[in-house]
A.B. asks: 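Here it is, the structure in full.
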Amino acid sequence: MQGPLIESLARQGVSRRTFLKYCATLASMMALPPAAGLAMAEAMAAARRPSVIWLPFQECTGCTESITRSHSPTLEGMIFDMISLDYQETLMAAAGHQAEEARHAAMKANHGKYLLIVDGSIPLGQDGAYSCIGGRSNLEILKEAAQGAAAIVAVGTCAAYGGIPKARPNPTGAVSVSDIVKDKPIVNIPGCPPVPVVMTGVLAHYLTFGSLPDLDDKGRPRAFFGETIHDRCYRRPFYDHGKFAKTFDDKGARRGWCLFELGCKGPVTHNACATAKWNGGTSWPVESGHGCLGCSEPDFWDAGDFYKALSVPAHPPTSVVAAPMVGATAGAAAGFANRAKKNAARKARQPITAADLEK
Ligand code: SF4
Ligand code: SF4
Ligand code: F3S
């Protein structure tokens with residue numbers, strides 16, 4: 001444990017006002033009442049920084065890159081100071097035996113109290129030989145580190161569900177953290193990579209309330225994964241009016257029409273991209289002109305052709321039925337049908353102009 005967060009933020013030039021505003025935004029994104037923003041700010045400002053052990057396993061470093069936002073100092077990046085990152089082999093200066101010693105020392109000093117973050121899947125094939133650190137398999141290290149952890153955060157789709165390494169034919173026998181650890185609270189923050197502010201939100205919740213946030217049936221925080229991309233997509237009015245881009249460079253695409261027919265998986269994908277966005281709120285895949293690939297859902301890589309439309313009616317505003325979908329579960333299809341009933345109200349709130357609809 002180290003000094004309070006507020007001191008560290010002040011040293012980096014973050015004012016109290018900026019911090020309060022940030023906490024209010026975070027609370028609102030997590031659907032907490034307005035007063036929770038202040039409570040969160042006070043709790044985080046005073047909190048002693050908990051020890052965090054971060055284990056990168058079979059991964060591509062995309063998750064680490066996304067979450068540390070190394071390209072620019074942002075408040076999300078600085079708020080990482082609310083934890084004491086005692087081990088992260090990609091980021092830490094120490095290497096080899098020194099790094100392993102640092103991990104063991106932090107685990108011993110904070111036994112039962114540290115937060116364990118994992119990114120990457122765990123390969124079980126060939127006795128775990130596909131990914132080892134210091135001659136020990138990821139499986140061995142995970143079991144050891146999980147023992148003394150208060151809770152585990154599985155960051156990225158690889159750690160949460162196996163991700164791309166688990167894609168057919170899964171040559172390394174990749175599995176997720178929850179396939180291995182059964183006796184600790186685990187929160188999944190999927191995404192390939194995950195949205196940075198979701199990670200910050202989960203850490204802020206843990207510091208404020210001392211517990212993990214409410215989770216859905218796939219272990220994801222409901223506050224960020226409770227709605228689909230499609231629910232919050234700014235192209236949704238075009239979907240509701242049956243205006244679809246047919247190619248990535250046609251007139252519809254240039255006018256920002258819906259990418260459903262180009263394979264967008266937004267209707268069956270739960271994530272916060274449409275509201276949180278990326279790179280300090282600059283953009284996100286659909287705003288950049290590409291459909292959602294469904295990267296925060298289990299087995300998204302094997303779920304079907306990325307460029308083939310989901311098999312639901314193309315003009316579903318008030319009459320969609322729970323038809324089988326390519327790459328979607330029946331539950332997702334039913335949810336999609338239910339949400340379609342709300343479209344009339346949504347259309348009234350988000351009118352589009354005659355010029356937008358012009359062919
Ligand atoms: Fe890389 Fe995606 Fe796996 Fe993260 S979830 S480690 S970005 S492949
Ligand atoms: Fe947005 Fe994709 Fe839904 Fe169209 S199908 S509204 S592009 S999420
Ligand atoms: Fe992934 Fe879709 Fe967001 S592909 S990054 S969940 S828009």
Side-chain angles (χ1 to χ4, degrees), residues 54-68 90 117-122 131 154-167 174 176-177 188-199 220 224-225 227-245 248 252-253 256-279 283-298 300-301 303 306 309-310 312 314-317 320 325 327-328 336 339-340 343 346-347 350 352:
W54 183 330
L55 299 175
F57 288 149
Q58 189 167 243
E59 45 85 40
C60 75
T61 316
C63 289
T64 306
E65 180 66 24
S66 166
I67 287 166
T68 54
T90 313
I117 297 180
V118 177
D119 71 315
S121 61
I122 301 96
S131 179
V155 174
T157 305
C158 292
Y161 307 129
I164 292 176
K166 184 172 170 250
S176 68
V177 172
N188 289 329
I189 306 183
C192 188
V195 179
V197 74
V198 176
M199 180 74 183
R220 306 174 289 202
F224 295 104
F225 293 88
E227 289 184 291
T228 64
I229 297 287
H230 188 67
D231 285 331
R232 306 300 293 270
C233 180
Y234 76 104
R235 296 191 191 226
R236 179 63 182 268
F238 291 109
Y239 173 91
D240 290 343
H241 285 83
K243 296 293 174 188
F244 301 104
F248 285 106
W257 289 2
C258 173
L259 303 170
F260 179 86
E261 293 187 0
L262 293 171
C264 181
K265 305 295 183 287
V268 292
T269 303
H270 296 78
N271 205 346
C273 312
T275 44
K277 300 192 183 181
W278 296 79
N279 300 326
S283 190
W284 61 291
V286 169
E287 196 170 335
S288 303
H290 196 286
C292 168
L293 301 180
C295 78
S296 54
E297 296 293 332
F300 78 100
W301 199 263
F306 285 152
L310 293 165
V312 293
H315 300 277
V320 90
M325 293 183 189
F336 185 55
R339 283 190 295 278
N343 283 351
R346 190 186 296 273
K347 273 194 285 186
Q350 295 179 301
I352 55 180

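Treat the numbers as computed from the prediction; the structure is a model and nothing was measured. Just so you know, ligand 1 is whichever comes first in the structure, and atom 1 is the first atom listed for that ligand.
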A.B. asks: Below 30° counts as parallel, above 60° as perpendicular, anything between as tilted: where do the rings of Phe260 and Tyr239 land?
C.D. replies: perpendicular
A.B. asks: What protein atoms of element N, O or S are positioned under 2.8 Å from atom 1 (Fe) of ligand 1?
C.D. replies: Cys60 SG
A.B. asks: Relative to the ring of Tyr234, is the ring of Trp284 parallel (under 30°), tilted (30 to 60°) or perpendicular (over 60°)?
C.D. replies: perpendicular
A.B. asks: Check for me whether Gly294 has a heavy atom closer than 4.0 Å to any atom of ligand 3.
C.D. replies: yes
A.B. asks: What protein heavy atom is closest to atom 4 (S) of ligand 3, reported as residue, atom name and distance in Å?
C.D. replies: Leu293 N, 3.1 Å
A.B. asks: Is there a donor-acceptor pair under 3.5 Å between the side chain of Arg235 and the backbone N or O of Val286?
C.D. replies: yes
A.B. asks: Below 2.8 Å, any N, O or S contact between His230 and atom 2 (Fe) of ligand 2?
C.D. replies: no
A.B. asks: For ligand 3, does Cys273 get within less than 4.0 Å through its side chain, its backbone, both, or neither, judged by non-hydrogen atoms?
C.D. replies: side chain
A.B. asks: Thr228 side chain to His270 main-chain N or O, any donor-acceptor pair under 3.5 Å?
C.D. replies: no
A.B. asks: Closer than 4.0 Å to some heavy atom of Arg236 - which atoms of ligand 2 meet that?
C.D. replies: 6 (S)
A.B. asks: So how far is it from Ile117 CD1 to Thr64 OG1, rounded to the nearest 0.5 Å?
C.D. replies: 9.5 Å
A.B. asks: Which distance, rounded to the nearest 0.5 Å, do you find between the CD of Glu297 and the SG of Cys192?
C.D. replies: 13.0 Å
A.B. asks: Between Lys265 and Phe306 (side chain of the first, backbone of the second, donor and acceptor by atom type, cut-off under 3.5 Å), is there such a pair?
C.D. replies: yes
A.B. asks: May I ask you to list the atoms of ligand 2 that are less than 4.0 angstrom from any heavy atom of Leu259?
C.D. replies: 4 (Fe), 7 (S)
A.B. asks: Among Cys264, Pro237, Cys233, which one puts a heavy atom closest to atom 2 (Fe) of ligand 2?
C.D. replies: Cys264
A.B. asks: Main chain of Ile229, side chain of Thr269: is a donor-acceptor contact present, judged purely on distance under 3.5 Å?
C.D. replies: no
A.B. asks: Look at the side chain of Arg220 and the backbone N and O of Asn188, then say whether any donor-acceptor pair between them is shorter than 3.5 Å.
C.D. replies: no
A.B. asks: Around atom 1 (Fe) of ligand 3, find the nearest protein heavy atom and jot down its residue, atom name and distance.
C.D. replies: Cys295 SG, 2.3 Å
A.B. asks: Hey, does the side chain of Glu261 reach the backbone of Ala245 with a donor-acceptor pair shorter than 3.5 angstrom?
C.D. replies: no
A.B. asks: Pick, from Pro285, Gly266, Gly263, Cys258, the option with the minimum heavy-atom distance to atom 5 (S) of ligand 2.
C.D. replies: Cys258
A.B. asks: I'd like to know if the side chain of Asp240 and the backbone of Pro237 have a donor-acceptor N/O pair within less than 3.5 Å.
C.D. replies: no
A.B. asks: Roughly how far, to the nearest 0.5 Å, is CG of Leu293 from CH2 of Trp301?
C.D. replies: 7.5 Å
A.B. asks: Considering only non-hydrogen protein atoms, determine which one is nearest to atom 2 (Fe) of ligand 3 and report residue, atom name and distance to 0.1 Å.
C.D. replies: Cys292 SG, 2.3 Å
A.B. asks: Show me which atoms of ligand 1 lie under 4.0 Å from any heavy atom of Gly191.
C.D. replies: 5 (S)
A.B. asks: If you have a sec, work out which protein heavy atom is nearest atom 6 (S) of ligand 3 and how many Å separate them, to one decimal?
C.D. replies: Asn271 ND2, 3.5 Å
A.B. asks: Answer yes or no for Pro285: is there a heavy-atom contact with ligand 3 below 4.0 Å?
C.D. replies: yes
